[in-house]
Structures are given as structure tokens and as C-alpha cells.
Amino acid sequence: MIDNISANSARVNPNEHPTMASRHELCHLPSPGLYLPVLGHIKILLNGMDILRTMCQFYEKYSKDGILFLSTFGLNIVFVGDFDTLKQIYNHPDVQHRAHSDPKKCIFTHKIAEDRGEKMGPLKGLIFSQEKTWVEQRRFTLRVLRDFGFGKSSMEELIQDEVKQFTSFLKQFTDIPVDFEGKFNLPVLNSLWRISSGESFEYTDQQLVNITKKLTEFFKKTGQPISSLFLTQPWIFKLFPNFLGRRDDMMMNRSITHLMEESIVDHKRTLDVSSPRDFIDTMLIEIMNTTDEDSSFYKETGIRNLVNTMFDLFMAGAETTSTTLMWAILYLVREQEIQSKVHAELDSVIGQSRLPSLSDRQNLPYTEAVIYEIQRCGNVMPTGVQHMTSKPIQINGFHIPEDTIINPFYPEIHKGEYWRDGHVFRPERFLDDSGKLKPDEHLIPFCIGKRRCLGEPLAKAELFLFITSLVQAFQLLPESADKVPTEEYQTGITVQPKPFKLVLKTRF
Ligand code: HEM
């Protein structure tokens with residue numbers, strides 16, 4: 001059960017910590033016990049470097065009714081590992097914020113704005129905005145992306161072009177051990193960039209190769225507990241500006257902002273209001289037509305929202321999709337029997353003379369089930385994206401104060417008790433007795449509720465077209481019989497497989 005608490009119930013003392021609920025209001029929640037000011041739950045810090053493994057152990061040992069409260073370096077987070085509880089919470093109108101209700105107290109979003117070189121303050125764009133700005137930006141982005149591509153055949157053609165280019169690029173690596181790390185970043189990013197800005201990059205574009213590399217590093221680093229210091233102890237970074245490589249992060253963020261700004265300037269110069277070409281043109285026209293000063297599309301505010309929304313699409317869409325594709329390759333290499341079944345299904349439905357298309361999906365239930373299983377086991381965002389309560393709520397009998405961070409806990413949602421053999425890669429769990437695809441609402445890689453992933457249709461199309469086209473063209477083999485890649489991972493916001501090599505053999 002989830003309820004609102006009446007307006008006069010316990011409120012947060014905003015002086016105690018500027019970004020989150022106070023300690024005494026959270027200490028009744030299920031947690032690993034001893035919880036010190038600044039350091040937080042000391043057991044997390046004593047438990048070694050693998051934060052994800054530690055969290056799984058703690059979830060098993062200390063959670064109650066799907067709830068676990070953890071604090072590291074003063075960052076207090078409630079994790080939810082129960083599907084039904086998460087469904088209620090993430091649909092709740094008072095759990096749709098990303099940050100503190102008072103913009104002055106959003107250290108998290110101030111940091112992001114500062115990193116991006118944003119002079120107009122925090123909460124711009126899509127992922128990190130809330131309330132009016134978020135509603136307007138999300139509605140607009142969904143509509144425009146739908147008109148320009150998402151769910152349309154034009155989107156499919158763009159991705160297919162990219163897949164073709166990528167498959168022929170890979171032909172130079174056949175029959176030798178090859179490391180795939182980073183190889184999906186550019187084609188994935190190109191599909192997204194083509195849809196939103198009408199442009200595309202060369203795979204050899206050094207500036208872009210560097211940005212994608214830095215973005216990957218940034219995703220890895222930000223998932224570590226020590227990175228909580230950014231949010232809770234900003235004074236450290238005033239004293240030591242390059243602590244934890246913060247200056248590099250800022251440079252990386254600013255080069256992405258710069259890329260967006262340049263593209264917007266180019267679009268402004270060549271804009272024809274009667275014939276918008278892409279997302280940027282359409283938003284520029286919306287900005288030109290907006291006279292309401294409170295609108296997130298008004299004049300310079302509108303431009304800054306455009307820059308940040310573009311940044312958000314780039315950031316949210318590239319790393320998640322390419323990491324999922326890395327897990328796809330890993331599981332296909334590990335599971336040769338499953339790969340053979342996919343080959344057989346693709347050969348019988350599509351053959352060799354044409355590329356797979358989205359309309360083939362309905363005739364490829366086994367392949368679709370394999371993709372579901374890749375998303376379930378790969379679990380690329382183990383703690384999703386944070387939400388914050390804008391009012392106190394009651395969950396499963398627990399009081400959660402206003403301005404508390406809430407994250408999903410995917411290792412439990414995607415691999416826990418519900419799935420019985422959740423740690424086994426078994427696509428058949430998504431098929432019924434007659435071999436038809438059997439989706440399961442507990443599989444939620446794109447999350448659930450009002451803020452669920454906005455790029456889901458694009459991501460699903462990319463996963464399907466990249467995976468099927470690669471398997472159609474190649475046999476993916478381990479480097480040698482005794483070097484089968486393991487499911488070992490590198491933690492961060494997204495979880496990547498540890499680097500491994502495979503051998504590609506051309507099939508036709
Ligand atoms: C396999 C690929 C992907 C996965 C696993 C994924 C997963 C997620 C998750 C878990 C969230 C958080 C939802 C929440 O806060 O409740 C999210 C949000 C978001 N995703 Fe994705 N995503 C993927 C691909 C994409 C793509 C391709 C795009 C870009 C077009 C995209 C754009 C976004 C945006 C803009 C948000 C923020 C939505 C909001 O705050 O309203 N994602 N995604």
C-alpha cells in the first residue's frame with residue numbers, strides 16, 4: 001500500500017541536509033544498521049569495491065517488504081526491489097521529481113548544470129527537469145520524435161542504413177580475436193543523432209570517438225559510492241577542483257554541450273519554418289512562436305531547454321543501448337546452442353538475401369525471447385534513474401519523508417525470487433507451450449510509470465535490428481574453447497561486461 005501523509009505530518013528539516021530527508025526520519029527503514037554522519041552505512045565502505053555485489057548481499061540480508069535504505073557519504077537512498085511496490089511508487093504523482101522541490105537546494109542538478117556550462121540554472125531539459133518544464137519538454141519531445149521517426153518506417157530505414165554500414169565495417173575483423181568494447185557506441189549514437197538532428201558522424205571522427213569514450217568512463221565512475229561526495233560534500237571540490245577527475249568530467253560535458261550548440265546555430269541559419277527537417281528545427285519554430293514568459297520554450301530559456309534536451313537524449317540513449325548490445329554479444333558467444341536456434345529461425349523466416357526488418361518481429365518469437373532475456377540478464381542500469389518524493393508518502397507501512405531519493409533495485413526485480421532460476425540465461429521463459437512469445441510485465445528495463453524511458457521504441461528497434469543483422473551475417477564464437485567470456489562486469493551507472501574477445505565468422 002502506498003498513501004500520502006497529511007500535510008501537517010513530519011517535514012524535512014531543510015537545514016540538516018540540503019538535498020535530502022533528514023537522518024532521524026530515515027533510520028526506521030530496513031538498513032544494514034550502524035549509520036554515521038557523513039560516512040553513512042559504514043558496512044558498505046568496509047565491504048570492498050564491488051558496490052553492486054555488496055548491495056545484492058545487503059538486499060538479501062536487510063531488506064523488508066521490498067525496501068532497503070542505504071546511505072553512503074551522506075547520500076540517503078531508498079531502494080525498491082519489489083515489482084508491485086515499485087509500480088505503485090513510480091506511478092505516484094508525488095514521486096515524479098528528480099531533485100529537491102526547491103531549485104536552490106538541488107545540489108545534484110546544480111552540479112549537472114555546472115558541468116554542462118549551463119548559466120541559466122538547474123533543471124533544464126528532460127531527464128533532470130521536473131514539474132512544468134518536465135511536462136512540457138517530455139510532451140513535446142515525444143510528439144516530435146514520433147512525427148520524425150520513432151515508430152515510423154523512416155526511423156527503421158535510418159537504423160538499417162547504420163546497421164549495414166556497421167556490418168561491413170566489421171568484415172575487416174573476421175577470423176581474428178576482436179574486442180568489441182566501444183564498437184557499438186558510434187553506430188548507436190549515429191542512429192539517434194540522425195533522427196534528432198538530421199546529421200551523422202564518421203566512425204573515425206576523433207572528436208566523437210573521444211566524447212563517447214569519456215562518456216563511458218563517466219558512466220562507470222558515477223556509479224561508485226565515492227562519487228556521492230560530489231553531491232553531499234561539494235566543498236571538497238572547491239578546495240581540490242580536480243578531485244576524482246572532476247575537471248575532465250566537466251570538459252567532457254562541455255564538449256557535448258558545445259556540439260549541441262553548434263548544431264543549433266547551424267539549424268538556425270538554414271531554418272525554413274514552412275518545412276522543419278528534424279527535432280531541432282521543430283523546437284526552434286516552437287520557441288519562435290512562444291509568447292508566454294512562463295513557458296519552457298520562451299526565448300533563451302527555450303534555447304537552453306533545447307540544448308539540454310538534446311544532451312539528455314544523447315546521454316540516455318547511447319550508453320544504455322550500446323551496453324545492452326555488448327551483453328547481447330556476450331550471451332550469444334556464451335550460449336552457442338541458443339545462437340544456433342536464432343540462426344535457424346532467421347534463416348527460415350528472412351533468409352540471406354535481405355536485411356531483417358521490424359515487421360519480421362512477429363515471425364521471430366524465439367529471437368524476440370532471446371532479446372528479452374538479454375535485457376533481463378544484462379540488467380544494464382541496476383539502479384535505474386533516481387526519483388525524489390515531493391511530499392511524504394507511506395510505502396508498505398514505512399514512512400518516507402519528502403525529498404527522499406528512491407531508486408529501483410533491478411538485480412532483485414529482474415533476477416530475484418519471482419523468476420525462480422533468475423540467474424540462468426533461458427529465453428524459453430518468455431515463450432508459451434506453443435512457442436509463441438509470452439511477454440512478462442515484470443521485465444521492466446525501461447522502468448515503469450510516468451517517467452518511464454522515453455526512448456523505448458527507438459531502443460527496441462535498435463536492439464532488434466542490430467542483433468538480428470549481426471547474427472544473420474556472422475557466427476559469433478569464443479576466442480578459444482577455454483576462453484569463453486564470463487558474466488563478470490564493471491560497475492557504474494550502466495553495468496558493462498568486462499572486456500572480452502570473440503571471433504566473427506562470415507556466414508555467407
Ligand atoms: C536499452 C536501452 C535503454 C534503456 C535500458 C533505458 C532505460 C531507461 C530507464 C530505466 C529510465 C529511467 C526511467 C525513470 O526514471 O523512471 C530511462 C529514462 C529515459 N530514457 Fe531511456 N533507456 C534506453 C534507451 C533510451 C534511448 C535510445 C533514449 C533516447 C531517445 C532514451 C531516453 C530516455 C530519456 C529522455 C529518459 C528520461 C525520461 C524522463 O525523465 O521523463 N533512453 N531510460
Side-chain angles (χ1 to χ4, degrees), residues 29-32 40-41 43-45 47-72 75-90 219-225 227-228 319-320 323-324 326-328 330-331 334 371-387 395-396 405-427 429-430 440-449 452-453 485-498:
L29 293 169
S31 78
H41 286 113
K43 279 191 190 166
I44 300 181
L45 306 173
N47 222 48
M49 288 307 287
D50 186 344
I51 180 67
L52 188 55
R53 188 155 299 149
T54 301
M55 286 171 71
C56 291
Q57 286 165 2
F58 284 7
Y59 187 89
E60 205 179 323
K61 207 160 163 194
Y62 303 112
S63 69
K64 194 160 173 264
D65 298 331
I67 303 285
L68 175 70
F69 163 54
L70 292 178
S71 169
T72 43
L75 187 70
N76 301 325
I77 307 182
V78 173
F79 290 97
V80 182
D82 174 62
F83 171 80
D84 292 313
T85 310
L86 185 75
K87 191 171 169 185
Q88 291 181 61
I89 297 177
Y90 269 26
F219 265 72
K220 270 186 209 160
K221 211 164 72 180
T222 311
Q224 303 303 325
S227 63
S228 313
E319 189 68 21
T320 44
T323 305
T324 307
M326 280 304 295
W327 283 108
L330 180 130
Y331 284 116
R334 279 171 61 82
I371 297 175
Y372 282 2
E373 190 67 344
I374 286 165
Q375 287 215 273
R376 189 187 69 78
C377 291
N379 230 352
V380 296
M381 283 228 263
T383 57
V385 182
Q386 74 172 48
H387 285 215
I395 306 169
N396 297 347
I405 298 173
I406 303 189
N407 277 76
F409 189 58
Y410 276 110
E412 179 61 25
I413 293 173
H414 277 171
K415 295 192 178 172
E417 220 174 280
Y418 170 81
W419 302 94
R420 295 202 185 92
D421 58 350
H423 289 273
V424 179
F425 190 89
R426 190 171 61 79
R429 70 178 82 243
F430 295 113
D440 188 320
E441 67 158 344
H442 289 75
L443 177 68
I444 48 165
F446 302 100
C447 209
I448 33 177
R452 67 179 290 155
C453 177
T486 68
E487 286 174 283
E488 277 181 274
Y489 51 80
Q490 320 172 55
T491 45
I493 298 181
T494 53
V495 164
Q496 322 251 348
K498 282 220 165 130

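We count residues from 1, following the sequence as given.
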key: Candidate pair Ile77 and Gln386, rule side chain to side chain contact (heavy atoms under 4.5 Å, CB included), full reasoning   = CA-CA 9 Å; Ile77 307 182; Gln386 74 172 48; 5.8 Å; no
query = Does Tyr489 have any ring-ring contact (aromatic ring centres under 6.0 Å, His included) partners at least two apart in sequence or in another chain, and if so, which?
reply =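 Counting only residues at least two positions away or on another chain, Tyr489 forms no ring-ring contact (aromatic ring centres under 6.0 Å, His included).
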task = Identify, with sequence neighbours excluded, every residue that meets ring-ring contact (aromatic ring centres under 6.0 Å, His included) alongside His423.
result = none
Heavy-atom pair with the smallest gap, counting every atom of [X] and [Y]:
X: Pro485; Y: Leu330; value: CB-CD1, 3.9 Å
X: Leu68; Y: Ser31; value: CD1-CA, 4.1 Å
X: Ser71; Y: Asn76; value: OG-OD1, 2.8 Å
X: Tyr90; Y: Ile406; value: OH-O, 2.9 Å

State which residues pass salt bridge (charged side-chain N to carboxylate O under 4.0 Å, His left out) with [X]; sequence neighbours excluded, sorted by chain then number.
X: Glu60; result: none
X: Arg429; result: Glu373, Asp421
X: Glu441; result: Lys87

Donor-acceptor contact below 3.5 Å, side chain Gln490 vs main chain Pro497 =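 Flag set: sc Gln490 to bb Pro497 pair under 3.5 Å.
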Validation row: [X], [Y] side chains within 4.5 angstrom (heavy atoms):
X: Val78; Y: Ile405; value: no
X: Pro411; Y: Tyr59; value: no
X: Pro427; Y: Phe425; value: yes
X: Trp419; Y: Arg376; value: yes

Quick one: list whatever passes side chain to side chain contact (heavy atoms under 4.5 Å, CB included) with [X], sequence neighbours left out.
X: Val380; value: Thr323, Thr324, Trp327
X: Glu488; value: Thr486, Lys498
X: Thr383; value: Met55, Phe79, Asn407, Phe409
X: Pro445; value: Gln375, His414, Leu443

request  = With sequence neighbours left out, write down each residue that passes side-chain hydrogen bond (donor to acceptor under 3.5 Å, both in side chains) with Glu319, or none if nothing qualifies.
outcome  = Thr216, Gln496
request  = Not counting sequence neighbours, which residues clear side-chain hydrogen bond (donor to acceptor under 3.5 Å, both in side chains) with Asp82? List them please.
outcome  = Thr85
Pairwise distance [atom1]([X]) to [atom2]([Y]) - rounded to 0.5 angstrom:
X: Ile67; Y: Leu86; atom1: CD1; atom2: CG; answer: 9.0 Å
X: Ile413; Y: Asp84; atom1: CD1; atom2: CG; answer: 10.0 Å
X: Lys415; Y: Cys56; atom1: NZ; atom2: SG; answer: 8.5 Å
X: Met381; Y: Cys453; atom1: CE; atom2: SG; answer: 7.0 Å
X: Leu70; Y: Phe58; atom1: CG; atom2: CZ; answer: 7.5 Å

request  = Take Tyr418 and Glu412, measure what side-chain hydrogen bond (donor to acceptor under 3.5 Å, both in side chains) needs, and give me the verdict at the end.
outcome  = CA-CA 9 Å; Tyr418 170 81; Glu412 179 61 25; over 6 Å; no
message = Show me the pairs that pass salt bridge (charged side-chain N to carboxylate O under 4.0 Å, His left out) and involve residues 61-72, at least two apart or across chains.
response =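 Non-adjacent pairs meeting salt bridge (charged side-chain N to carboxylate O under 4.0 Å, His left out): zero.
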